[in-house]
Amino acid sequence: ASPRGLRWSLLAIVLVCCFAFATPLGARVVLGKGHSPKLAGIVSAQTPWGIVQHLHKLSSEDRLPAGQAFHPHEWGDFLLWAAPQQLRVFGISQPDSMPREVWSDYLAIINGTFDWEYLLDQYGVNLVILDDEQHYKLIEQFGKSERWQRTYTDSVGAVFVRRQPN
């Protein structure tokens with residue numbers, strides 16, 4: 001290989017590593033790290049920091065339910081990065097990466113259609129995280145359901161755990 005080709009190859013490798021490191025998933029994979037509490041003061045007030053801290057508390061107490069976690073897809077990348085590693089996120093913030101049927105089911109659940117609990121059963125969801133600003137009506141439906149228990153709430157959102165896990 002020529003020295004010029006080697007330089008371009010090294011530059012490409014460095015750039016790929018930098019971009020991979022800059023993503024939440026990349027930082028977790030490369031460094032084995034989750035979130036940094038120092039970031040809490042510089043991110044949006046709508047970032048679900050309190051929810052993530054609650055999930056870590058559940059995890060440390062061995063009370064984080066096994067199975068799938070349902071959440072707003074916009075929070076998927078953040079949860080993948082900041083939440084306990086054993087949390088199985090439903091999706092990430094690129095809905096086009098989901099199979100069409102899964103995306104359709106996601107929309108049915110998040111919009112609170114008549115079969116939302118049946119769909120959660122089908123996916124083995126035992127933990128639900130909801131955004132209070134956009135999904136307050138669904139939060140009300142979960143609050144009325146005897147199958148779900150609210151374990152956390154703040155000005156950003158709420159966490160519900162299935163009373164009888166799948």
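Hydrogens, waters and symmetry mates are skipped; everything else that's a heavy atom, side chains included, is used.
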Parallel under 30°, tilted from 30 to 60°, perpendicular over 60°: which one fits the rings of His73 and Tyr106? perpendicular

[X] (side chain) donor-acceptor with [Y] (main chain) under 3.5 angstrom:
X	Y	value
Thr47	Trp49	no
Asn126	Asn166	yes
Arg163	Glu146	yes
Asp131	Glu133	yes

Interatomic spacing from [atom1] in [X] to [atom2] in [Y] - rounded to 0.5 Å:
X	Y	atom1	atom2	result
Arg162	Phe142	CZ	CZ	8.5 Å
Asn111	Trp116	CG	CH2	13.0 Å
Glu101	Met98	CD	CE	13.0 Å
Gln68	Phe70	CD	CZ	10.0 Å
Asp132	Ile139	CG	CD1	4.5 Å
Leu80	Leu87	CG	CG	8.5 Å

Does any non-hydrogen side-chain atom of [Y] lie less than 4.5 Å from one of [X]?
X	Y	result
His71	Leu130	no
Gln134	Pro72	no
Leu64	Val161	no
Arg147	Gln164	no
Arg150	Val159	no
Ile109	Val125	no
Asp105	Tyr123	yes
Ser97	Ile92	yes

State plainly whether one hydrophobic cluster holds both [X] and [Y], where clusters connect Ile, Leu, Val, Met, Phe, Trp and Tyr through side-chain heavy atoms under 4.5 angstrom apart.
X	Y	answer
Phe78	Val128	no
Tyr152	Ile129	yes
Leu107	Leu138	yes
Leu127	Ile51	yes
Leu58	Val89	yes

Assess the side chains of Asp115 and Thr113: does a donor N or O sit below 3.5 Å from an acceptor N or O? yes

Val156 versus Ala45, closest heavy-atom pair with distance: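 That closest heavy-atom pairing would be CG2-O, 3.4 Å.
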
Smallest separation among heavy atoms of Pro95 and Trp103, with atom names: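 The pair with the smallest heavy-atom distance is CB-CZ3, 3.3 Å.
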
Ring center gap for Trp75 and Phe90 short of 6.0 angstrom: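 No, they do not, as the ring centres are separated by 6.0 Å or more.
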
Step through the shown structure and confirm whether more than 12 heavy atoms of other residues, nucleotides or ligands are within 6.0 Å of CD on Gln94.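 Yes, because the 6.0 Å sphere around CD of Gln94 holds more than 12 heavy atoms from other groups.
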
